[in-house]
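Below is one structure; the comments refer to it alone.
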Amino acid sequence: MNLWTFRIPTAVTFGEGAIRDLPRIAATLGQRPLLVADRDLVRLPLWARIQEILPGTPVFAEVTPDPTVGSVDALAAVVRDQRHDVAIAVGGGSAMDCAKAAACLAAGDLPSIRAVHSGGAPLGSARVPLIAVPTTAGTGSEVTPFAVLNDPETQRKGPIAGDALYPVHAVVDPKLTYSLPRKVSVVTGLDALSHAIEGYWSRGHQPLCDLLAVEAARLICRHLRQAAKQPDDARARAAMSYAATLAGAAFQLPKNAMVHACSFPLSTRYHLPHGVACAFTLEEAIRFNAPVMGPRMTDFLRGIGLEDAEELIALVRELKQLGGLPCTLREAGIPPEVIPQLARESFHPLMNNNPRPMTESDLVAMYQRLA
Ligand SMILES: NC(=O)c1ccc[n+]([C@@H]2O[C@H](COP(=O)([O-])OP(=O)(O)OC[C@H]3O[C@@H](n4cnc5c(N)ncnc54)[C@H](O)[C@@H]3O)[C@@H](O)[C@H]2O)c1
Ligand SMILES: [Fe+2]
């Protein structure tokens with residue numbers, strides 16, 4: 001067994017009704033809270049519940065899906081100017097990532113998060129304390145040291161990383177996910193499944209993360225279908241929220257691999273939402289990597305209650321169909337002529353974590369099969 005260090009510095013409060021604890025948790029961290037959400041979320045009934053719990057708390061609701069460096073800079077300016085001393089991010093990965101990055105930017109000296117995202121500047125350790133309240137069961141951002149940002153100027157989407165990005169506290173209340181439409185439930189659930197699988201097969205895998213990954217994948221394989229079909233099924237929703245947080249904890253140290261590396265150009269150039277982009281190559285990735293995994297893959301599959309890799313591939317395909325996700329480039333609206341470019345741009349450093357080395361011609365062949 002290789003040398004490893006496990007940690008997860010974020011406190012996690014989990015369960016139906018957990019958001020009732022938000023005012024108490026926030027008060028332990030600061031006196032001038034700011035709520036952060038995306039524009040769509042503040043129109044949902046769940047937002048009325050948040051406002052009821054935190055009456056009169058100022059709100060920044062300008063986060064866009066796949067948050068841009070510009071929205072991080074704008075939010076950090078509000079935090080600085082209004083001297084907020086605790087941020088509460090409510091939403092999916094977009095709101096959480098924007099708030100996580102802005103909480104660091106606001107406490108440091110850099111003028112723009114672009115300096116970190118594409119300029120190579122270190123993130124630093126300063127931050128305004130942040131509470132993450134996920135309303136999707138997907139990204140696991142509530143327990144990860146990453147924020148995935150998009151820079152429309154450079155056409156670059158990718159994560160920034162640093163310990164300061166770990167939320168201080170995650171408040172995971174499955175009830176907040178009941179309003180997710182079927183498609184978003186599937187898309188975000190498959191993102192979480194990708195984290196569990198990639199955290200497990202990453203070259204940086206380690207035993208404790210393996211445990212979390214297997215349990216997360218087992219729960220997703222058992223409950224995602226029902227959560228998507230029956231939005232208020234308390235058992236399925238709780239299992240999915242728990243699994244997504246577990247999967248976040250499972251990949252935050254080993255990091256992701258080819259599925260996520262390939263997702264970045266699919267999202268930046270062709271605007272596939274993150275989970276759709278991950279699900280797009282997931283079956284191919286399982287088929288490519290499983291043979292080199294040997295007994296570790298057998299253990300994983302047994303642990304999640306499946307016989308073999310083909311059964312996992314079939315389940316992923318079934319879930320994609322349930323959510324109406326694209327299974328081919330054609331269905332995704334991506335012309336086959338761009339395959340060579342897609343293949344070239346998929347070589348994000350996460351590709352180096354893949355258990356089986358991936359060449360450009362492997363990728364071209366993969367996208368041709370997906371045409
Ligand atoms: N930081 C990390 O570790 C990490 C990991 C994976 C993905 N990500 C990033 O997270 C982002 C994606 O996050 P996401 O998949 O959660 O989607 P999202 O945050 O973009 O939300 C998708 C849509 O769902 C809506 N929504 C959210 N909760 C809802 C609810 N309860 N009911 C109804 N609608 C709801 C939002 O308003 C939005 O319109 C991407 O930018 C991705 O790259 C980050
Ligand atoms: Fe992801």
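Every number for a ligand or one of its atoms is a count from 1 in the order of the listing.
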Would you kindly say whether [X] and [Y] are connected by a side-chain donor-acceptor distance under 3.5 Å?
X      : Y      : result
Asn353 : Asn256 : no
Glu284 : Tyr367 : no
Asp362 : Thr359 : yes
His274 : His260 : yes
Glu62  : Ser71  : no
Arg237 : Ser185 : yes

For [atom], closest protein heavy-atom neighbour:
atom                    : value
atom 43 (O) of ligand 1 : Lys157 NZ, 3.1 Å
atom 5 (C) of ligand 1  : Thr139 O, 3.4 Å
atom 27 (C) of ligand 1 : Thr135 OG1, 3.4 Å
atom 23 (C) of ligand 1 : Val184 CG1, 4.6 Å

*Please determine if the Fe ion (ligand 2) has an N/O/S atom from Cys278 lying under 2.8 Å away.*
no
Do ligand 1 and [X] have nitrogen or oxygen atoms that lie under 3.5 Å from each other?
X      : value
Ser94  : yes
Gly93  : yes
Leu176 : yes

_Winner among Val148, Asp66, Leu180 once heavy atoms are compared against atom 40 (C) of ligand 1_ =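 Considering heavy atoms of Val148, Asp66, Leu180, the nearest to atom 40 (C) of ligand 1 sits in Asp66.
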_Could you work out, for atom 8 (N) of ligand 1, the closest of Asp97, Thr64, Val42 by heavy-atom distance?_
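Selected option, by shortest heavy-atom distance: Asp97.
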*Step through it carefully: locate the ring centre of Phe146, locate the ring centre of Phe251, and say whether they are under 6.0 Å apart.*
yes
_Sequence neighbours excluded - side-chain hydrogen bond (donor to acceptor under 3.5 Å, both in side chains) pairs with any residue from residues 72-92_ =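 Sorted result for residues 72-92: Asp73-Ser112.
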_Within the 4.0 Å heavy-atom shell around Asp191, which atoms of ligand 1 are there?_
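Once the distances to Asp191 are compared, the set is 6 (C), 7 (C).
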*Arg39 near ligand 1, heavy-atom distance under 4.0 Å?*
no
